[in-house]
Amino acid sequence: MGGMDISTALQQQVLDAFHNGTPLNICGSGSKAFLGNASRGQAIDVTGHRGIVEYDPSELVLTVRSGTTLHEIEAALAEAGQMLAFEPPHFGEAATLGGTIACGLSGPRRPYCGSARDSVLGCKLINGRGEILRFGGQVMKNVAGYDVSRLMVGAHGTLGVMLELSLKVLPRPAASITVTRVCSAAGAVSSMSALLGKPLPVDGACFHGEQLYIRLSGSAQAVREARSKIAGGVLPDADNFWHALREHQLPFFKRNGALYRVMVKPATPPLNIEGTWLLDWGGAQRWLYSTEDPASLRHRIASVGGHVTAFRGGKQADEIFHPLPAPLLAIHQRIKASFDPKNIFNRGRLYAGL
Amino acid sequence: MPHLRENNTALISALRGLLPSESVLADAEDMRPFECDGLAVYRQLPMVVALPETVAQVQSILRLCHAHGVPVVARGAGTGLSGGALPLADGLLLSLAKFNRILNIDVHNAMATVQPGVRNLAISEAAAAYGMYYAPDPSSQIACTIGGNVAENSGGVHCLKYGLTVHNILMLKVVTMEGELLTIGAETLDSPGYDLLALMTGSEGMLGVIVEITVKLLAKPERAQVVLAAFDDVMKAGEAVGSIIAAGIIPAGLEMMDKLAIRAAEDFVHAGYPRDAEAILLCELDGTHAEVSEYILAVRNILTASGATEVRTAADEAERQLFWKGRKSAFPAVGRISPDYYCMDGTIPRRQLPHVLRRIGEMSAEYGLAVANVFHAGDGNLHPLILFDANKEGELHRTEEFGRSILRLCVEVGGTITGEHGVGVEKIDQMCVQFLSAELSQFHAVKAAFDPSGLLNPGKAVPTLRRCAEFGAMHVHHGQLPHPELERF
């Protein structure tokens with residue numbers, strides 16, 4: 001179905017790097033280069049490895065080369081009335097699927113329809129020995145072998161160069177409406193939490209600037225019915241709002257300073273931490289601009305069972321991602337060594353020593 | 001290091017120092033219930049069975065076994081269908097049966113924390129008071145445990161819409177072979193670092209022993225309704241499945257049964273299935289009242305347009321349950337009409353269904369063995385049940401050959417050898433068909449990252465390269481000979 005297969009050239013570059021011990025920096029379009037520790041090493045450019053390999057809408061499965069842009073994928077899916085259920089943030093015009101999966105980023109629909117990782121069915125990759133391997137497949141259910149394809153999601157390219165990904169896709173909802181009302185942060189958290197226990201077609205819930213936003217999507221009937229059960233007015237131009245939220249284009253995200261991604265249990269009451277907050281994912285993912293010391297911030301979030309990523313801006317902290325307990329870090333290091341024995345891929349991007 | 005493997009008595013007495021005496025079983029008679037799982041054609045008594053009831057006891061047992069080089073096989077309810085919990089003669093069988101408590105139901109965060117020995121259905125029953133449930137529902141849900149579900153990444157009839165076990169859990173507490181307690185995942189929607197939660201799910205007890213699980217709970221849909229459609233041709237039923245999904249409808253469940261399965265189920269539970277149909281589809285829709293009404297109408301139209309000879313909507317909840325009872329009883333129902341049956345578990349791209357069913361029919365004639373097909377049609381997971389009589393000379397052997405041919409066919413059409421039952425001991429040779437030696441080596445390396453001593457459930461799930469070379473029927477990829485590093489036998 002078109003595109004270009006440069007897997008042989010990519011494999012050769014990895015083989016050379018393996019033999020010479022050259023560190024490689026796996027590059028897509030660079031739209032998410034801000035995330036993670038500074039990249040080092042020789043660039044290995046995956047953007048040329050592009051195109052849809054297979055897509056049969058009635059199978060709900062899409063197989064694409066990793067350098068394919070999200071734009072191209074989403075256009076092909078839209079033509080068949082389908083979508084990537086995890087509503088990926090692009091953070092750039094040319095964002096690739098490979099980069100999105102490597103970063104493990106998902107959009108507002110995530111708590112209700114699953115994450116990037118939940119969508120992944122299979123992966124073809126080059127490991128650190130230059131071997132091309134396939135894991136998972138193009139079917140929904142597959143328990144043959146360890147789930148290596150989902151292990152790639154959020155690994156920030158430290159385990160291999162993804163070549164091809166098979167994803168589960170879903171029909172686009174026939175109708176969608178966003179209900180909004182003025183609310184306190186505490187009221188928003190309890191409202192969003194209460195929705196988890198109700199059989200309503202919620203697929204987005206956000207609190208921002210004293211307003212609670214609830215997105216309802218599904219059949220026309222379902223949306224109409226659900227709307228009558230939720231207090232508030234209908235938000236005009238709702239698609240723009242959710243798009244701007246997903247892409248960090250709301251005015252909230254135009255601040256200077258350090259932006260933290262704070263993950264907590266959704267019903268966690270608003271945290272008394274200095275800064276400006278935006279609550280997405282029904283309260284489960286919270287964005288925070290704060291000048292607080294990163295270490296103390298991490299400590300406080302960890303005390304309520306959460307974790308923090310220093311997502312964007314500010315000074316580079318000692319670690320971007322939440323530190324791992326020693327026994328888990330040791331397993332991470334052994335897994336890394338099992339895929340990439342010479343430590344050539346995206347050295348230190350996720351954690352120092354990985 | 002003392003070789004306790006040669007001195008079982010010493011290990012057993014050391015275990016008795018760690019656990020109350022009734023929690024250590026070493027007599028053959030006492031261990032008999034543990035000699036097999038749901039795949040009873042494989043049986044083996046372990047050296048000893050331990051039934052701990054605290055995490056600290058599990059840690060002590062694993063430390064002891066690690067120190068003495070004794071392999072450990074963990075076990076839940078023993079309902080698995082691939083021999084994943086088959087004991088090892090020189091190993092310890094670790095039963096998690098006493099870990100049977102629901103620790104917490106957190107309605108506000110839509111999650112429940114449970115011990116691994118809790119039965120799948122018990123979670124939904126406990127959550128029902130809050131209008132919630134745990135989505136994955138394998139047919140054995142009344143008996144199977146959540147720990148086993150995680151180890152196998154169990155599915156069920158609602159996977160297409162609600163996902164597998166891997167999509168419905170948040171956090172695990174796991175004890176490593178060295179006795180270290182790890183927390184994998186988090187109570188938050190994701191956790192820092194690699195997705196070890198995905199890696200642990202479906203790892204068949206090879207990476208760690210699960211001692212606690214936090215699952216997601218979902219709001220119980222307002223309404224669920226099921227439509228039954230009969231077809232005079234299996235192919236038409238297969239096409240109807242594609243048409244429903246192409247119309248943008250994701251049914252909560254979409255199941256197909258062929259004639260032999262329909263008749264067996266009907267004779268067993270009197271579900272009201274049409275006995276003369278070549279195939280039936282059960283299509284369940286759930287959601288709000290109005291939404292379900294809207295979808296029922298659409299699905300009925302699609303089924304009729306696809307050539308269904310009969311389309312029936314369950315009149316009430318009792319009839320809906322009855323329709324499902326027929327489907328969920330299909331395995332025991334087939335068990336009534338044949339002395340033995342062998343359940344396969346391949347998954348295929350759905351569009352390959354007509355081809356695969358035709359080939360299975362042809363092979364059925366070649367092997368002289370009848371097949372009843374039960375199919376999770378929505379997600380392509382096929383369960384052919386091969387009917388045989390183990391008392392007849394050579395039938396089990398022929399059945400296994402037939403089963404292997406079916407799995408090879410699944411791989412050839414782009415599918416997999418196991419959708420939800422796991423590899424275990426049963427399909428270990430077929431792993432050589434599905435994976436290249438470099439891929440198998442990568443699996444072994446992943447195992448070694450968790451279990452460097454290789455003592456957790458050794459010999460299951462991932463074959464050695466030598467075994468694949470001996471097995472002979474290997475994956476040929478782009479015309480290259482696989483496992484080229486090995487001598488041919």
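Convention: sequence-line order gives letters A, B, ...; per-chain numbering from 1.
Using a 4.5 Å cut-off between heavy atoms, B:Ser243 makes no contact with chain A at all. With a 4.5 Å cut-off on non-hydrogen atoms, B:Asp379 touches chain A through its backbone and its side chain both. Heavy-atom distances place both the backbone and the side chain of B:Lys447 under 4.5 Å from chain A. The contact between A:Leu354 and chain B is made entirely by side chain atoms (from C-beta outward), counting heavy-atom distances below 4.5 Å. With a 4.5 angstrom heavy-atom cutoff, B:Val241 does not touch chain A via any of its atoms. The contact between B:Tyr295 and chain A is made entirely by side chain atoms (from C-beta outward), counting heavy-atom distances below 4.5 Å. Of the atoms belonging to B:Ala247, not a single heavy atom falls under 4.5 Å from chain A. For A:Phe321, no part lies under 4.5 angstrom from a heavy atom of chain B. There is no contact between B:Leu170 and chain A, counting heavy-atom distances below 4.5 Å. With a 4.5 Å cut-off on non-hydrogen atoms, B:His289 touches chain A through its backbone and its side chain both. Contact annotation for B:Gln442: only side-chain heavy atoms (C-beta onward) come within less than 4.5 Å of a heavy atom of chain A. In this structure, chain B has no heavy atom under 4.5 Å from any part of A:Leu195.
Of the inter-residue distances, the one linking B:Glu294 atom CD with A:Arg224 atom CZ reads 8.0 Å to the nearest 0.5 angstrom. Atom CZ of B:Phe450 is separated from atom OG of A:Ser338 by 9.5 Å, given to the nearest 0.5 angstrom. The structure places NE2 of B:His167 at 7.0 Å from NZ of A:Lys168, a figure rounded to the nearest 0.5 Å. Taken from NZ in A:Lys141 to OG in B:Ser154, the straight-line distance is 9.5 Å, to the nearest 0.5 Å. Atoms OG1 and NZ, on B:Thr288 and A:Lys198 in that order, are 15.0 Å from each other to the nearest 0.5 Å. The distance from atom CG of B:Leu189 to atom CD of A:Gln285, rounded to the nearest 0.5 Å, is 8.5 Å.
Of the residues considered (A:Pro171, A:Ser219, A:Cys113), A:Ser219 shows the highest number of contacts with chain B, using heavy-atom pairs under 4.5 Å. Per-residue counts of heavy-atom pairs under 4.5 Å with chain B were compared for A:Glu225, A:Arg172, A:Glu131; the largest is that of A:Glu225. When B:Glu204, B:Glu187, B:His444 are compared by the number of non-hydrogen pairs under 4.5 Å with chain A, B:Glu187 comes out ahead. Interface summary for chain A: among B:Gly287, B:Gly242, B:Ala290, the most heavy-atom pairs under 4.5 angstrom belong to B:Ala290. Between chain A and the residues B:Gly163, B:Gly193, B:Gly202, B:Ala110, the most heavy-atom pairs under 4.5 angstrom are made by B:Gly193. In terms of heavy-atom pairs under 4.5 Å with chain B, the best-connected choice from A:Gln138, A:Gln82, A:Arg110, A:His322 is A:Arg110. The residue among B:Gln430, B:Met132, B:Glu420 with the most heavy atom pairs within less than 4.5 Å of chain A is B:Glu420. Highest contact tally toward chain B, considering only A:Val223, A:Ile132, A:Leu151, is held by A:Leu151 [criterion: heavy-atom pairs under 4.5 Å]. Listed options B:Ile245, B:Val446, B:Thr418 were ranked by heavy-atom pairs under 4.5 angstrom with chain A; first place goes to B:Thr418. The most heavy-atom pairs under 4.5 Å with chain A, out of B:Thr201, B:Ile244, B:Leu160, B:Leu218, come from B:Leu160.
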Practice task
List the steps, then state whether side chain to side chain contact (heavy atoms under 4.5 Å, CB included) holds for B:Phe435 with A:Arg134.
Solution key: CA-CA 8 Å; B:Phe435 293 100; A:Arg134 268 176 202 275; over 6 Å; no
Practice task
Could you give me the CA-CA distance, side-chain angles and deciding distance for A:Lys229 and B:Glu222, then say whether salt bridge (Lys or Arg N to Asp or Glu O under 4.0 Å) is met?
Solution key: CA-CA 13 Å; A:Lys229 293 177 185 168; B:Glu222 204 168 68; 3.1 Å; yes
Practice task
Show the numbers, then the answer: is there a side chain to side chain contact (heavy atoms under 4.5 Å, CB included) between B:Ile250 and A:Leu60?
Solution key: CA-CA 10 Å; B:Ile250 302 293; A:Leu60 300 176; 3.5 Å; yes
Exercise for the section: Start with the C-alpha distance between A:Ile335 and B:Leu199, add both sets of side-chain angles, then the distance that settles side chain to side chain contact (heavy atoms under 4.5 Å, CB included), and finish with yes or no. Expected result: CA-CA 11 Å; A:Ile335 289 174; B:Leu199 213 46; 4.0 Å; yes
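Within a 6.0 Å radius of NZ in B:Lys161, other residues, nucleotides and ligands contribute more than 12 heavy atoms.
Nearest heavy atoms, B:Ala246 versus A:Ser58: CB-CB, 4.3 Å. Counting all heavy atoms, side chain and backbone alike, B:Val423 lies closest to A:Val143 at CG2-O, 4.3 Å. Contact between A:Leu196 and B:Asn109 at its shortest, heavy atoms only, is CD1-C, 4.3 Å. Among all heavy-atom pairs drawn from A:Ala144 and B:Phe443, the shortest one is O-CZ, 4.5 Å. Residues A:Gly145 and B:Met431 approach most closely at N-CE, 3.6 Å, considering heavy atoms. Taking each heavy atom of A:Glu59 and B:Arg350 in turn, the nearest pair found is OE1-N, 2.7 Å.
In this structure the side chain of A:Leu324 reaches within 4.5 angstrom of the side chain of B:Pro192, judged on heavy atoms. Annotation: side chain of B:Thr347 is not in contact with side chain of A:Asn142 (no heavy-atom distance under 4.5 Å). For the pair B:Met111 and A:Lys265, the minimum side-chain heavy-atom distance is below 4.5 Å. Proximity of A:Val139 to B:Pro349: side-chain heavy atoms (C-beta onward) are separated by under 4.5 Å at one or more points. Side-chain atoms of B:Leu164 and A:Met140, non-hydrogen and from C-beta on, never get closer than 4.5 Å to each other. A:Ile331 is listed as a side-chain neighbour of B:Leu196, based on a closest heavy-atom distance under 4.5 Å.
The pair A:Arg150-B:Asp195 does not count as a salt bridge, with every side-chain nitrogen at least 4.0 angstrom from each carboxylate oxygen. With salt bridges taken as basic N to acidic carboxylate O contacts below 4.0 Å, one links A:Arg261 and B:Asp190. Ionic pairing of B:Arg351 and A:Glu54 is present here: one or more N-O contacts between side-chain nitrogen and carboxylate oxygen are shorter than 4.0 angstrom.
Between the side chains of A:His307 and B:Thr188, at least one donor N or O sits under 3.5 Å from an acceptor N or O.
Relative ring orientation between A:His332 and B:Tyr194 is described as parallel, the plane-to-plane angle staying below 30° on a 0-90° scale split at 30° and 60°.
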